[in-house]
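This report concerns only the one structure given below.
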Amino acid sequence: MAIYREDTDLRFLGCCDNEDLDLLVSLITHDPRDKTLRWTETLSSSDNYKRFHPAHRNYWQEIAAEIQTFGASSIASMFRCGKGVLYREVLCDVCDHTGVKYKKRRQPKPSSFPC
C-alpha cells in the first residue's frame with residue numbers, strides 16, 4: 001500500500017469534488033483501453049477505498065500517494081517504506097524525458113491551499 005508524503009503540489013486534491021476525482025481514480029485503477037484493473041495499483045485494495053468509494057474526497061491522500069508511487073521506482077519505494085516521490089519530481093522526470101523545458105528552481109508558494 002502506498003503511503004502519502006506531504007506534498008504541496010498535490011494538496012489541491014483535498015479540495016476537489018468527488019466528480020472531479022472520479023476520472024483520476026478510474027485512470028489510476030483501470031486501464032482505459034480495456035477497463036481491466038491495473039496490476040501495479042494498490043488504491044483499490046485500501047480499506048478507505050473499499051469503505052468510501054465513490055466518495056473519493058474521503059481518501060484523497062491515498063489517491064495522492066498512488067500518484068507519488070506511480071512516479072517512483074518500485075524498488076526505491078520499498079526502501080522508502082512504501083512512500084513514493086514528490087509530485088514535482090514526477091513532473092520534472094516527465095519533462096526531462098520528453099524534452100519539455102521548465103524552471104528547475106521552485107517558486108515560493110503559499111503555506112496553505114485554500115479550498
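The basis for the numbers below is simple: all heavy atoms, side chains too, and nothing from hydrogens, waters or symmetry mates.
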In Å and rounded to the nearest 0.5 Å, what is the [atom1] to [atom2] distance from [X] to [Y]?
X      : Y     : atom1 : atom2 : value
Leu13  : His56 : CG    : NE2   : 12.0 Å
Leu24  : Leu43 : CG    : CG    : 9.0 Å
Arg38  : Thr42 : CZ    : OG1   : 13.0 Å
Leu37  : Thr29 : CG    : OG1   : 6.5 Å
Lys104 : Arg88 : NZ    : CZ    : 9.5 Å
Cys16  : Arg57 : SG    : CZ    : 8.0 Å

>> Once ring pair (Phe, Tyr, Trp, His ring centres under 6.0 Å) is applied, do any residues pair with Tyr49, and if so which ones, sequence neighbours excluded?
In response: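 For Tyr49, the residues satisfying ring pair (Phe, Tyr, Trp, His ring centres under 6.0 Å) (neighbours in sequence not counted) are His53, Tyr59.
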
> Got a sec, which pairs hit salt bridge (charged side-chain N to carboxylate O under 4.0 Å, His left out) with one end in residues 42-51, sequence neighbours left out?
Replying inline: none

> Which residue pairs pass the salt bridge (charged side-chain N to carboxylate O under 4.0 Å, His left out) test when at least one of the two sits in residues 12-23, sequence neighbours left out?
Replying inline: none

> For Thr69 and Gly84, which heavy atoms make the closest approach, and how far apart are they?
Replying inline: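 Smallest interatomic distance, heavy atoms only, reads CG2-N, 3.7 Å.
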
Would you say the side chain of [Y] lies within less than 4.5 Å of the side chain of [X], judging by non-hydrogen atoms?
X     : Y     : value
Leu10 : Leu86 : no
Arg11 : Glu6  : yes
His30 : Thr36 : no
Val90 : Ile67 : no

>> Count I, L, V, M, F, W, Y as connected when their side-chain heavy atoms are under 4.5 Å apart, and connections chain through other members. Are Phe70 and Val94 then in the same cluster?
In response: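 Unlinked, Phe70 and Val94 end up in two clusters.
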
>> Run Trp60 and Tyr4 through side-chain contact (heavy atoms from CB on, under 4.5 Å) and show every step you take.
In response: CA-CA 10 Å; Trp60 74 266; Tyr4 176 66; 3.9 Å; yes

List the residues meeting side chain to side chain donor-acceptor pair (under 3.5 Å) with [X], not counting sequence neighbours, and say none if there are none.
X     : result
Ser46 : Glu62
Thr40 : none
Ser44 : Glu41
Asn18 : none

> In the hydrophobic cluster built from side-chain contacts under 4.5 Å, what are the other members alongside Leu27?
Replying inline: Leu23

> Which pairs, with at least one residue in residues 84-106 and sequence neighbours excluded, count as a ring-ring contact (aromatic ring centres under 6.0 Å, His included)?
Replying inline: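 Passing the test, one end in residues 84-106: no pairs.
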
> Where do Gln68 and Val85 land on the side-chain contact (heavy atoms from CB on, under 4.5 Å) test, with the steps shown first?
Replying inline: CA-CA 5 Å; Gln68 292 172 333; Val85 296; 5.6 Å; no

>> Check this for me: does any side-chain nitrogen of one of Asp7 and Arg5 sit under 4.0 Å from a carboxylate oxygen of the other?
In response: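 No.
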
